**Student:** 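Here it is, the structure in full.
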Amino acid sequence: MSKTRTSRWGAVFTVALVLCLLVLSGCHAAATSSDLDRVKQDGALTVGNDTTYAPFEFVDSTNKPTGFDIDLIAAVAQKLGLKSDVVTTAWDGIIPALQTEKFEVVISSMTITPDREKEVSFSIPYYRSDMGIMYNPAKNTITKPEDLVGKTVGVQVGTTGEASAKLITGVKVNSYPDIQLATQDLENGRIDAVVNDSPVCVFYASTHPTLKVFSTTSIAGQDLTQLYGIAMRLEDKQLKAAVDKALQDLVKDGTYDTIYAKWFGGGTPDFRPGDQNP
């Protein structure tokens with residue numbers, strides 16, 4: 001009787017052990033599955049974007065996101081065998097939204113900075129920009145950053161433009177939730193200038209002839225050359241590697257230059273993904 005009970009419970013124990021091993025094996029597989037595989041299972045690359053930054057990202061007459069960044073991330077997604085799905089998100093909450101998995105990547109003219117690199121992982125740079133100062137020449141003459149002393153300057157909150165304007169002692173900085181509000185106040189004479197990425201200023205001024213743009217690479221002795229990157233979560237290493245490769249492939253097959261020419265009036269870019277940083 002004792003032997004029979006031992007045999008029976010031994011069999012039960014063996015079955016239970018096998019089941020546990022199978023469960024643990026499944027958990028391990030799930031824990032080590034590629035973040036890239038997870039994205040591909042969804043069939044779409046979800047993209048956070050603040051659509052208020054033409055020509056990089058804005059909405060067209062049908063309220064559809066468009067612009068250089070939008071076309072570029074669509075091409076990146078295509079290289080990964082995916083479609084891109086843009087999720088419009090306010091700039092000041094875009095990194096927290098990425099971290100809480102509202103989307104997989106952010107492409108939104110985001111400058112790669114040491115502080116941001118503590119929170120997100122960036123692709124190789126895909127665009128290089130100077131800083132721009134936009135003003136009304138009928139009311140002010142601005143040929144250098146120091147000419148902003150004593151003036152009121154509009155910037156977008158949480159941007160490198162805001163940080164740059166604050167480098168100049170004697171400047172009153174007004175921070176706005178999006179750059180369009182700042183440019184409206186400039187046109188209405190409520191502020192004297194806007195400090196923002198040069199290509200965005202130039203694009204806006206091209207359709208607003210009362211405004212002029214002065215570009216600079218330095219304020220208060222600090223280099224303001226900016227490199228844009230596609231942001232991802234720190235742990236998504238496989239996705240980063242795939243995005244980096246896709247960007248390089250877009251350069252090799254000419255797609256990057258085609259997208260650039262579409263949004264920046266033809267010509268060839270002076271910086272491409274994979275180029276050495278300045």
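Just so you know, residue 1 is the first one in the sequence shown, and it goes up from there. Since the model is a prediction, treat every value here as computed from it, not as a measurement.
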**Student:** To the closest 0.5 Å, what do you measure between CE (M110) and CG (D69)?
**Tutor:** 10.5 Å
**Student:** Please, which pairs that meet ring pair (Phe, Tyr, Trp, His ring centres under 6.0 Å) have at least one residue in residues 160-205, sequence neighbours excluded?
**Tutor:** Y204-H208
**Student:** Mind checking side chain to side chain donor-acceptor pair (under 3.5 Å) for T88 and listing every partner two or more places apart, or none if nothing turns up?
**Tutor:** none
**Student:** Only pairs at least two apart or in different chains count here, so list each ring pair (Phe, Tyr, Trp, His ring centres under 6.0 Å) that has a residue in residues 212-235.
**Tutor:** F56-Y228, Y127-Y228
**Student:** Have E57 and S109 got a donor and an acceptor in their side chains that come within less than 3.5 Å?
**Tutor:** yes
**Student:** Would you be so kind as to tabulate the donor-acceptor pairs closer than 3.5 Å made by side chains of residues 132-143, with sequence neighbours excluded?
**Tutor:**
residue : atom : partner : partner atom : Å
Y135    : OH   : I142    : O            : 3.3
N136    : OD1  : A138    : N            : 2.9
T143    : OG1  : D147    : OD2          : 3.2

**Student:** For residues 90-106, which residue pairs qualify under side chain to side chain donor-acceptor pair (under 3.5 Å), counting only residues two or more places apart or in two chains?
**Tutor:** R38-E104, E104-R233
**Student:** Of all residues at least two apart in sequence or in a different chain, which pass the side chain to side chain donor-acceptor pair (under 3.5 Å) check with S129?
**Tutor:** none
**Student:** T225 and D223: side-chain donor and acceptor closer than 3.5 Å?
**Tutor:** yes
**Student:** Any side-chain heavy atom of F68 sitting closer than 4.5 Å to one from P199?
**Tutor:** no
**Student:** Assess the side chains of Q180 and T52: does a donor N or O sit below 3.5 Å from an acceptor N or O?
**Tutor:** no
**Student:** Measure the shortest side-chain to side-chain distance between D42 and D85 over non-hydrogen atoms and say whether it is less than 4.5 angstrom.
**Tutor:** no
**Student:** Calculate, to the nearest 0.5 Å, the distance between atoms CD1 and CG belonging to I191 and N174 respectively.
**Tutor:** 6.5 Å
**Student:** Is the closest side-chain donor-acceptor distance between D115 and T113 under 3.5 Å?
**Tutor:** no
**Student:** Nearest 0.5 angstrom please: S121 OG to I112 CD1, how far?
**Tutor:** 9.5 Å
